[in-house]
A.B. asks: 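Dumping the structure here so I can ask a few things about it.
Note that the numbering runs from 1 along the sequence shown for the chain. Reckoned from all heavy atoms, side chains included, excluding hydrogens, waters and symmetry mates.
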Amino acid sequence: MKFMKLGSKPDAFQSDGADVRYVISDLATDVIVHVSEVKFYLHKFPLLSKSSKLQRLVIKATEEGTDEVHIDGFPGGATAFEICAKFCYGMVVTLSPHNVVAARCAAEFLEMTEDVDKGNLIFKIDVFINSSILRSWKDSIIVLQSTKALLPWSEELKVIGRCIDAIASKTSVDPANVTWSYSHSRKGMSCTEIVESTGRTSIAPKDWWVEDLCELDVDLYKRVMVAVKSKGRMSPELIGEALKAYAVRWLPDSYDALVAEDYMRRNQCLVETIIWLLPSDKTSGCSCRFLLKLLKVAILVGAGQHVKEELMRRISFQLHKASVKDLLLPAASPSDGAHDVKLVHNLVQRFVARTAMSHNGGFVEKSDDKMIELNFEQESTLALGELVDGYLSEVASDPDLSLSTFVELATAVPEAARPVHDSLYSAVDAYLKEHPNISKADKKKICGLIDVKKLSTDASMHATQNDRLPLRLVVQVLFFQQLRAGSSNALALPDGGGHTCAKPIMKDQSDICERRIPRHPNSLNKQATSLSAREVEHRKSEHRGGGRNSFKDQLGGFLLQSRSRRIFDKIWSSKGQQGENGKGSETSGSSQSPPLSAKPADVKPSPLPPLRNRRYSVS
């Protein structure tokens with residue numbers, strides 16, 4: 001920190017209480033100057049020899065027959081006036097970055113110019129500021145911070161502008177040429193390190209200036225960052241890092257402190273300023289997590305709609321990089337539930353629309369670049385699907401979440417984003433668990449989101465034992481489980497025919513399964529006879545030339561759990577009765593499974609335990 005000493009005489013100012021200051025001298029004082037709440041008992045001659053303002057005030061007081069001068073609105077108050085008075089007496093005065101602006105504004109108020117006396121206070125302070133203060137990184141920031149209490153004088157004297165230019169110029173210096181001290185928090189360290197210039201051989205990091213600027217008030221910080229960005233030498237990533245550090249420094253972590261009445265306006269101004277300073281490049285500079293945190297704060301402090309709109313536009317460019325926790329934005333109204341699902345839906349729609357526009361737009365001519373672009377779009381789309389399904393699983397436990405809102409968000413994701421429906425199934429199951437009293441139609445609507453063909457084996461097994469699902473969906477899952485098992489079994493058969501599998505271990509596994517799962521006496525026969533004659537003939541023709549097992553034998557190998565087989569026996573029996581009675585049932589027909597027909601005369605349903613008494617174990 002730089003200092004400047006003026007004058008040579010010892011300090012002779014004394015205090016008499018908190019509101020009286022006087023000069024120890026053999027001569028009696030002949031003027032009383034009132035500044036703020038303090039009285040200064042001084043002598044006219046040293047004051048009038050340096051200040052034009054005091055000359056006029058003293059002459060006016062003499063004409064009015066008084067020796068008291070009242071000065072209102074003095075910049076810097078009594079402390080700054082005392083510095084000027086000591087200078088007039090030739091006493092020792094020490095100027096530093098903390099008081100130099102106040103002294104400069106006070107000297108300007110008192111008109112202590114070169115016209116009154118050569119080498120006056122204004123000239124000396126300007127030399128100190130230009131030669132020392134503005135050349136020091138730390139001192140420039142201290143001086144700039146002190147100017148806020150001295151407005152509008154500090155603005156009119158261009159002290160603020162000169163400090164901002166000096167700071168912005170230093171931030172643009174090559175880190176290899178940084179020779180001054182600065183504060184820098186190393187990653188992984190909780191404390192801030194003061195890096196001194198002497199004896200330092202390592203190159204300063206690119207963000208060496210970020211920590212020190214965080215000490216500025218929001219208005220001054222905004223002006224400094226505008227100057228830094230105008231230099232055009234700072235990358236968007238570095239600008240974003242600086243804004244993130246400032247937000248961490250000043251935005252409170254707790255909800256109560258954030259929305260406290262005394263600080264609500266301050267926090268609102270802070271978040272609006274940070275958003276206004278975001279890099280112009282919307283695809284870089286700030287992470288999606290940081291933008292979502294700003295959006296959360298903007299919602300809580302009641303920021304303007306234009307602020308939230310700007311954040312949503314930026315987030316939509318990189319929504320696929322977010323996490324589920326980042327998307328848990330608070331709802332604006334308690335009636336909307338705990339989380340603002342509609343806002344997330346809006347973000348997803350924007351992302352999907354932008355991706356579609358980018359995909360339909362013109363790519364570069366080179367095939368390699370086009371492939372890279374397509375791969376990126378595909379990866380981002382898949383990431384979006386995982387993100388939305390995870391978010392749905394998280395918010396499904398909200399009892400105030402409406403079915404329409406859930407379905408709208410689930411369907412906002414393109415079909416290509418969900419090659420597997422396991423996460424979506426988990427979200428639907430969580431919603432059904434939290435909302436057990438929804439109507440049959442609503443349950444059918446939400447379960448219609450699931451494509452059973454895209455469920456993994458584990459998810460399918462879970463679904464077959466899930467009593468929250470409609471029976472119709474369970475039947476579809478069981479049917480495609482059989483198809484999947486049939487395809488796997490067909491691939492395991494050797495091409496040359498024969499009645500044995502190429503892998504002996506399959507027989508052992510089948511035996512184990514046979515011993516563990518008791519076989520219903522007539523279940524396999526009933527499943528076989530429930531198929532239409534055309535299906536049976538088609539399957540027989542496929543196995544006729546290869547010497548493979550008959551369809552009935554293969555079907556016997558597709559062993560399901562006892563509960564699954566009982567459902568099939570019941571369903572196929574019911575379908576036979578429908579053929580006779582012409583009535584529909586809950587399990588008849590499916591938009592995602594091919595229709596099966598059975599000959600009514602061949603169906604002889606055996607007595608089975610009612611489906612409502614099923615017992616499930618969720619794996």
Side-chain angles (χ1 to χ4, degrees), residues 253-255 258 287-300 308 311-312 315-316 318-352 379-438 442-443 445-451 454-456 458-459 462-463 466 468-469 473 618-619:
D253 295 331
S254 66
Y255 171 81
L258 190 64
S287 65
C288 188
R289 170 171 294 183
F290 176 58
L291 295 176
L292 283 167
K293 286 184 178 179
L294 287 180
L295 181 58
K296 184 181 297 185
V297 174
I299 293 172
L300 292 175
K308 291 185 280 189
L311 280 174
M312 291 174 66
I315 293 170
S316 65
Q318 45 182 327
L319 181 61
H320 61 287
K321 299 179 181 178
S323 66
V324 173
K325 184 178 179 181
D326 299 332
L327 286 180
L328 297 178
L329 303 171
S333 173
S335 60
D336 297 332
H339 306 291
D340 198 339
V341 183
K342 293 182 179 179
L343 189 146
V344 175
H345 180 217
N346 191 336
L347 292 174
V348 172
Q349 285 182 318
R350 291 170 183 246
F351 179 87
V352 172
E379 291 177 1
S380 62
T381 302
L382 293 175
L384 177 70
E386 294 179 4
L387 175 66
V388 171
D389 290 345
Y391 178 78
L392 287 173
S393 299
E394 188 71 25
V395 301
S397 59
D398 184 359
D400 296 325
L401 179 63
S402 64
L403 179 73
S404 59
T405 303
F406 185 97
V407 173
E408 286 174 0
L409 178 56
T411 54
V413 178
E415 195 65 30
R418 287 194 185 101
V420 179
H421 275 211
D422 287 13
S423 298
L424 179 60
Y425 163 73
S426 177
V428 170
D429 185 45
Y431 188 88
L432 294 176
K433 183 178 181 180
E434 184 64 33
H435 305 78
N437 298 324
I438 63 174
D442 288 343
K443 183 177 289 189
K445 183 178 181 180
I446 192 173
C447 290
L449 299 171
I450 303 172
D451 186 349
K454 295 184 178 181
L455 291 178
S456 66
D458 292 339
H462 186 280
N466 192 343
R468 287 184 288 270
L469 300 180
L473 182 62
V618 180
S619 56

A.B. asks: Got a sec: does the CZ of Arg350 have more than 12 other heavy atoms crowding it under 6.0 Å?
C.D. replies: yes
A.B. asks: As an exercise, state the distance from CG of Leu449 to NE2 of His421, rounded to the nearest 0.5 Å.
C.D. replies: 9.0 Å
A.B. asks: Starting at CD of Gln318, measure out to OG of Ser380 and round the result to the nearest 0.5 Å.
C.D. replies: 12.0 Å
A.B. asks: For Ser393 and Ala430, work out which heavy atoms get closest and say how close.
C.D. replies: O-CB, 4.3 Å
A.B. asks: Leu432 and Ile438: side-chain contact (heavy atoms from CB on, under 4.5 Å), yes or no, with the steps?
C.D. replies: CA-CA 8 Å; Leu432 294 176; Ile438 63 174; 3.6 Å; yes
A.B. asks: Can you check whether Arg418 reaches Val388 side chain to side chain, under 4.5 Å on heavy atoms?
C.D. replies: yes
A.B. asks: Using modelled atom types and a 3.5 Å cut-off, is there a donor and acceptor pairing between side-chain atoms of Asp398 and backbone atoms of Val395?
C.D. replies: no
A.B. asks: Output the distance between atom NE2 (His320) and atom CG (Leu384), rounded to the nearest 0.5 Å.
C.D. replies: 9.0 Å
A.B. asks: Which atom pair, heavy atoms only, marks the closest approach of Pro419 to Ala416?
C.D. replies: CD-O, 4.0 Å
A.B. asks: For Tyr391 versus Leu327, what's the shortest heavy-atom pair and its separation?
C.D. replies: CE1-O, 3.3 Å
A.B. asks: Can you confirm whether Arg289 sits close enough to Ser323 that some side-chain heavy atom of one is under 4.5 Å from a side-chain heavy atom of the other?
C.D. replies: yes
A.B. asks: Which heavy-atom pair separates Val324 from Leu387 by the least distance, and what is that distance?
C.D. replies: N-CD1, 3.7 Å
A.B. asks: With distance as the sole test, does Thr405 use its side chain to make a donor-acceptor pair with the main-chain N or O of Leu401 at under 3.5 Å?
C.D. replies: no
A.B. asks: Is it true that atom NZ of Lys293 has more than 12 heavy atoms of other residues, nucleotides or ligands lying nearer than 6.0 Å?
C.D. replies: no
A.B. asks: What is the minimum heavy-atom distance between Leu300 and Pro330, and which atoms define it?
C.D. replies: CD2-CG, 3.8 Å
A.B. asks: Please step through side-chain contact (heavy atoms from CB on, under 4.5 Å) for the pair Leu343 and Ile299, ending with a clear verdict.
C.D. replies: CA-CA 11 Å; Leu343 189 146; Ile299 293 172; 4.0 Å; yes
A.B. asks: In terms of ring plane angle, is the pair Tyr425 and His462 parallel, tilted or perpendicular, where the classes change at 30° and 60°?
C.D. replies: perpendicular
A.B. asks: Is there a side-chain contact between Pro414 and Thr381 in this structure, where contact means two heavy atoms from C-beta onward sitting under 4.5 Å apart?
C.D. replies: yes
A.B. asks: How far does OG of Ser404 sit from CD1 of Ile446, to the nearest 0.5 angstrom?
C.D. replies: 10.5 Å
A.B. asks: Could you please spell out the steps behind the side-chain contact (heavy atoms from CB on, under 4.5 Å) verdict for Cys447 and Leu469?
C.D. replies: CA-CA 7 Å; Cys447 290; Leu469 300 180; 4.2 Å; yes
A.B. asks: Kindly determine whether Asp458 and Asp422 satisfy side-chain contact (heavy atoms from CB on, under 4.5 Å), including the steps that lead there.
C.D. replies: CA-CA 9 Å; Asp458 292 339; Asp422 287 13; 5.7 Å; no
A.B. asks: Roughly how far apart are Glu408 CD and Ser402 OG, rounded to 0.5 Å?
C.D. replies: 7.5 Å
A.B. asks: In Å and rounded to the nearest 0.5 Å, what is the NZ to OG distance from Lys433 to Ser397?
C.D. replies: 10.0 Å
A.B. asks: With the side chain counted from C-beta on, respond yes when Leu392 and Tyr431 share a heavy-atom pair under 4.5 Å apart, and no when they do not.
C.D. replies: no
A.B. asks: Please report the shortest heavy-atom distance between Glu434 and Pro399, naming the atom on each side.
C.D. replies: OE2-CB, 4.1 Å
A.B. asks: Is any side-chain heavy atom of Phe406 closer than 4.5 Å to one of Val341?
C.D. replies: no
